[in-house]
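This report refers to the structure that appears directly beneath it.
The figures that follow rest on heavy atoms only: side chains count, while hydrogens, waters and symmetry mates do not.
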Amino acid sequence: NNFVKMFRHAVNFGLQGKSDGQFIFRLGSTNQIAGWTIDNKKLSNTGVHLSSSYGIKAFSTAGENTDFVELKYKANDNYGVMGQEGGNVIFALGKNVLSGEANNQIAGWTFDNEKLQGGNMIIRKDGTIESDGFVSNLAGSGFRLTAVSGGFLEVENARIRGTLST
């Protein structure tokens, strides 16, 4: 039940190891260690690829290129962590220039060290929420709600339900 052996039979050759009747590794014409397949590009198992030239990719066996999470480094302008579901990018962190995906985004919201931005909405770390393109005292340019200087709200029109007090 437990052994390591070197063998050659016709076109099959290699080194095998078994423990409790289960193959632990097979190297040669079949390249596997602990159920992981080894080739000249990657280690792989069901739903996971590990590549020295690419990174790690965990994926649905139904759609390797549509449902996955990957940690990669391909070049100084193509690295990071990215997740997709149904072919749609759910999140991308790092630089994904070569893959065509937006850098540093979650659910369509991009971010940097100052703000989150999605569609026409900007949330800044200084406590400001505003519409993209907002200009103070310019009609129709959107709104701003800020905690700066004790708090301030600037909007074109406002409807207050309940009590407004000063």
Worked verdict on Phe134 versus Glu154 for side chain to side chain contact (heavy atoms under 4.5 Å, CB included):
CA-CA 10 Å; Phe134 172 80; Glu154 184 177 338; 3.6 Å; yes

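- Looking at every heavy atom in both residues, Gln105 comes nearest to Phe111 through N-CE2, 3.6 Å.
- Rounded to the nearest 0.5 Å, atoms CD1 (Ile33) and CG (Asn31) are 8.5 Å apart.
- Hydrophobic clustering keeps Phe23 apart from Leu27 (ILVMFWY residues linked when any side-chain heavy atoms are closer than 4.5 Å, directly or through intermediates).
- Separating the CZ atom in Arg144 from the CZ atom in Arg124 is a distance of 7.5 Å, to the nearest 0.5 Å.
- The nearest pair of heavy atoms linking Met121 to Ile129 is SD-CG2, 3.5 Å.
- Shortest non-hydrogen contact noted between Val48 and Trp36 is CG1-CH2, 3.6 Å.
- With values rounded to the nearest 0.5 angstrom, Ile56 atom CD1 is found 14.5 Å from Lys42 atom NZ.
- Of the inter-residue distances, the one linking Met82 atom CE with Leu71 atom CG reads 11.0 Å to the nearest 0.5 angstrom.
- For the side-chain contact (heavy atoms from CB on, under 4.5 Å) criterion with Glu85, the lone passing option out of Ile90, Val69, Thr66 is Ile90.
- Proximity of Tyr54 to Glu70: side-chain heavy atoms (C-beta onward) are separated by under 4.5 Å at one or more points.
- Atom OG in Ser51 sits 14.0 Å away from atom OH in Tyr73 (nearest 0.5 Å).
- Across all their heavy atoms, Phe7 and Leu15 have their closest contact at CE2-N, 4.0 Å.
- Transitive grouping of hydrophobic side chains (ILVMFWY, heavy atoms separated by less than 4.5 Å) brings Trp109 and Leu145 into a common cluster.
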Could you go through His49 and Phe59, starting from their C-alpha distance and side-chain angles, then the distance that decides it, and tell me whether this counts as side chain to side chain contact (heavy atoms under 4.5 Å, CB included)?
CA-CA 9 Å; His49 289 170; Phe59 52 89; 3.6 Å; yes

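- Hydrophobic clustering of Ile, Leu, Val, Met, Phe, Trp and Tyr side chains at less than 4.5 Å, counting indirect connections, keeps Phe25 apart from Phe13.
- The two residues Ser131 and Gly142 come nearest to each other via the heavy atoms OG-CA, 3.0 Å.
- Atoms CD and CG, on Glu114 and Asp112 in that order, are 6.5 Å from each other to the nearest 0.5 Å.
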Could you walk me through whether Ile106 and Leu116 pass the side chain to side chain contact (heavy atoms under 4.5 Å, CB included) test, one step at a time?
CA-CA 9 Å; Ile106 297 174; Leu116 292 169; over 6 Å; no

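- Asn104 contributes no side-chain N or O that, together with a main-chain N or O of Leu93, makes up a donor-acceptor pair within less than 3.5 Å.
- Within the 3.5 Å criterion, the main-chain N or O of Gln22 finds no donor-acceptor partner in the side chain of Asp20.
- In the hydrophobic clustering of ILVMFWY residues, with side-chain heavy atoms under 4.5 Å counting as a link, Val155 and Leu164 come out apart.
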